[in-house]
There are 2 protein chains.
Amino acid sequence: MIINRLKKLGLKITPQRLAILNLLEGNIKHPSAEEIYNQLKPQYPSLSLATVYNTLDVLARAGALQEIRIKAEKRHFDPNPVPHGHFLCRICESIHDLDVGPLEIQTPFNIRDYLVKDYTLYFYGICPRCRKRDRSSNQ
Amino acid sequence: MIINRLKKLGLKITPQRLAILNLLEGNIKHPSAEEIYNQLKPQYPSLSLATVYNTLDVLARAGALQEIRIKAEKRHFDPNPVPHGHFLCRICESIHDLDVGPLEIQTPFNIRDYLVKDYTLYFYGICPRCRKRDRSSNQ
DNA sequence: CACCAATTTATAATGACTATAAAATAAAAT
DNA sequence: ATTTTATTTTATAGTCATTATAAATTGGTG
């Protein structure tokens, strides 16, 4: 239950937070703050972009979701807070989860006197969809 | 020779480019564009911040260096263009190279129909220096 | 239901970066 | 060596995601 997740974090239950968490629940599209705002605005006309940013910040800092900085200009958000690989398609600009087996690491860990609490792993290239499209259009 | 590197890339040899490449040569501090600008300005008073950005962009796109997006607000630059791990200390904000053996991957590679041409691997935590300082101040 | 701290909202501010267009210059052509 | 031309540099204005601000609203405890 989303309400309980908020309660556990000691956060007040507000319609805005519920809406944002609901939108993200099970969402694998990794939306940006603006996309979240635009998708919720019709249902919540009073919603402010600042609230979306605030809420995402609070939730990310509480470890309830994860910020993705795979694109230069914009942040994106993943409801799964556990570090895992992400992929950005250089053609269609879509973002995908991409777990690459042996690369996935448990945090925190120690290496050469560095205490690593967290990590991000970003891949860049061409997604299956665009590869397929490319191949067929080139024939 | 730095001049030859520029020639090989088909770029004109300008004092600004030489200065920037010289500053980066063997530099393991991963400076930002602004830091590069501030360090060079005294010797090259006519230097413009836009030139620093332009040059770094050109060189990065040519594969002569690497942009590091480990910090939210600012880009940093690494003269080593080969993908490798980077570490950001959450206390002193310093950036270090951090190679973690089995994690290092050869690019490009294929995985589940994704064509991965490039990747970034960013670690976050506490650097050896800050850990040491913490330990001694807490006693 | 009243209170108060937390939250939301609208808007202004920030700041890294990019675009622009004029001036300067590297290097090829003469 | 000089001319020529495309590239580069420069100063400055513009962009845009994000953050700060402060007033208005509201969730939840007593």
Side-chain angles (χ1 to χ4, degrees), chain A residues 1-21 23 30-62 64-65 67-77 88 93 95, chain B residues 2-21 23 30-38 40-62 64-65 67-77 88 93 95:
Chain A
M1 199 52 161
I2 285 180
I3 287 185
N4 290 329
R5 285 171 57 198
L6 285 172
K7 277 186 186 161
K8 268 185 194 160
L9 298 172
L11 299 171
K12 283 192 179 175
I13 320 296
T14 69
Q16 294 87 344
R17 284 174 179 168
L18 290 175
I20 292 170
L21 277 171
L23 180 75
H30 308 93
S32 66
E34 214 184 355
E35 283 163 355
I36 293 170
Y37 172 74
N38 287 331
Q39 283 178 49
L40 293 178
K41 189 73 177 171
Q43 294 173 357
Y44 300 85
S46 84
L47 184 67
S48 162
L49 183 55
T51 298
V52 178
Y53 275 106
N54 282 342
T55 302
L56 292 171
D57 267 15
V58 169
L59 293 173
R61 218 167 298 148
L65 54 81
E67 285 183 14
I68 305 173
R69 299 185 187 279
I70 200 169
K71 267 192 199 173
E73 344 72 53
K74 218 175 244 187
R75 279 189 282 168
H76 292 254
F77 295 87
L88 173 66
E93 298 268 281
I95 297 171
Chain B
I2 286 179
I3 287 186
N4 290 329
R5 286 171 58 199
L6 285 172
K7 277 187 186 159
K8 269 186 192 159
L9 298 171
L11 299 171
K12 285 192 177 173
I13 319 298
T14 69
Q16 293 86 344
R17 285 176 178 166
L18 291 175
I20 291 169
L21 277 172
L23 180 75
H30 308 92
S32 67
E34 214 186 350
E35 283 164 354
I36 293 171
Y37 171 74
N38 288 329
L40 293 179
K41 189 72 177 171
Q43 293 172 359
Y44 302 84
S46 85
L47 184 67
S48 162
L49 184 56
T51 298
V52 177
Y53 275 107
N54 283 342
T55 302
L56 291 170
D57 268 14
V58 169
L59 293 173
R61 220 167 297 146
L65 54 80
E67 284 183 15
I68 305 173
R69 299 186 186 279
I70 199 169
K71 267 194 200 174
E73 344 72 54
K74 218 176 243 186
R75 281 190 279 168
H76 291 254
F77 296 87
L88 173 66
E93 299 268 280
I95 298 172

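Here is how names work: the chains are called A, B, and so on, in the same order as the sequence lines, proteins then strands, and each is numbered from 1.
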**Q.** Of L49(B) and I13(A), the one whose closest DNA chain D nucleotide lies more 5'
**A.** L49(B)
Between [N] atom [atom2] and [X] atom [atom1], what is the distance in whole Å?
X      : N       : atom1 : atom2 : answer
L59(A) : dA6(C)  : CG    : C1'   : 15 Å
K41(A) : dT8(C)  : NZ    : C1'   : 11 Å
L18(B) : dA27(C) : CG    : C1'   : 14 Å
L9(B)  : dT8(D)  : CG    : P     : 11 Å
I20(B) : dT9(D)  : CD1   : C1'   : 11 Å
E35(A) : dC16(D) : CD    : P     : 16 Å
Y37(B) : dG15(C) : OH    : C1'   : 15 Å
N54(B) : dT18(C) : CG    : C1'   : 9 Å

For [N] and [X] - does any side-chain N or O of the residue sit under 4.0 Å from the phosphate oxygens OP1/OP2?
X      : N       : answer
R69(A) : dT18(D) : no
R75(B) : dA16(C) : no
Y53(B) : dC17(C) : yes
S32(A) : dA17(D) : no
Q16(A) : dT26(D) : no

Between [options], spot the one nearest the side chain of [X], thanks.
X      : options                  : result
T51(A) : dA27(C), dT8(C), dT9(D)  : dT8(C)
L11(B) : dT8(D), dT9(C), dT8(C)   : dT8(D)
L47(A) : dT8(C), dA17(D), dT9(C)  : dT9(C)
K74(B) : dT7(C), dT9(C), dC17(C)  : dC17(C)
E34(B) : dT9(C), dA16(C), dT9(D)  : dA16(C)
S48(A) : dA10(C), dT8(C), dT10(D) : dA10(C)
K12(B) : dT9(D), dA6(D), dA10(C)  : dA6(D)
T14(A) : dT9(C), dT8(C), dT18(C)  : dT8(C)

Out of curiosity, [X] [atom1] to [Y] [atom2], how far, rounded to the nearest 0.5 Å?
X      : Y      : atom1 : atom2 : answer
L23(A) : L18(A) : CG    : CG    : 12.5 Å
R17(A) : L21(A) : CZ    : CG    : 9.5 Å
H76(B) : I95(B) : NE2   : CD1   : 4.0 Å

Q | Any side-chain heavy-atom pair of R75(B) and I68(B) under 4.5 Å | A | no
(Q) Ignoring hydrogens, what is the shortest heavy-atom contact between S32(B) and E35(B)? Give both atom names and the distance. (A) N-OE1, 2.9 Å
Q: Identify the two heavy atoms, one from L65(A) and one from F77(A), that lie closest to each other, and give their separation to 0.1 Å.
A: CD1-CD2, 3.8 Å
**Q.** Criterion salt bridge (charged side-chain N to carboxylate O under 4.0 Å, His left out) on R69(B) and E67(B), from CA distance to verdict
**A.** CA-CA 6 Å; R69(B) 299 186 186 279; E67(B) 284 183 15; 2.7 Å; yes
Q. Would you find more than 12 non-hydrogen atoms of other residues, nucleotides or ligands less than 6.0 Å from K7(B) atom NZ?
A. no
Q: Take the C1' atoms of the five end pairs on each side of the helix from dC1(C)-dG30(D) to dT30(C)-dA1(D), derive the two axes, and give their angle rounded to 10 degrees.
A: 30°
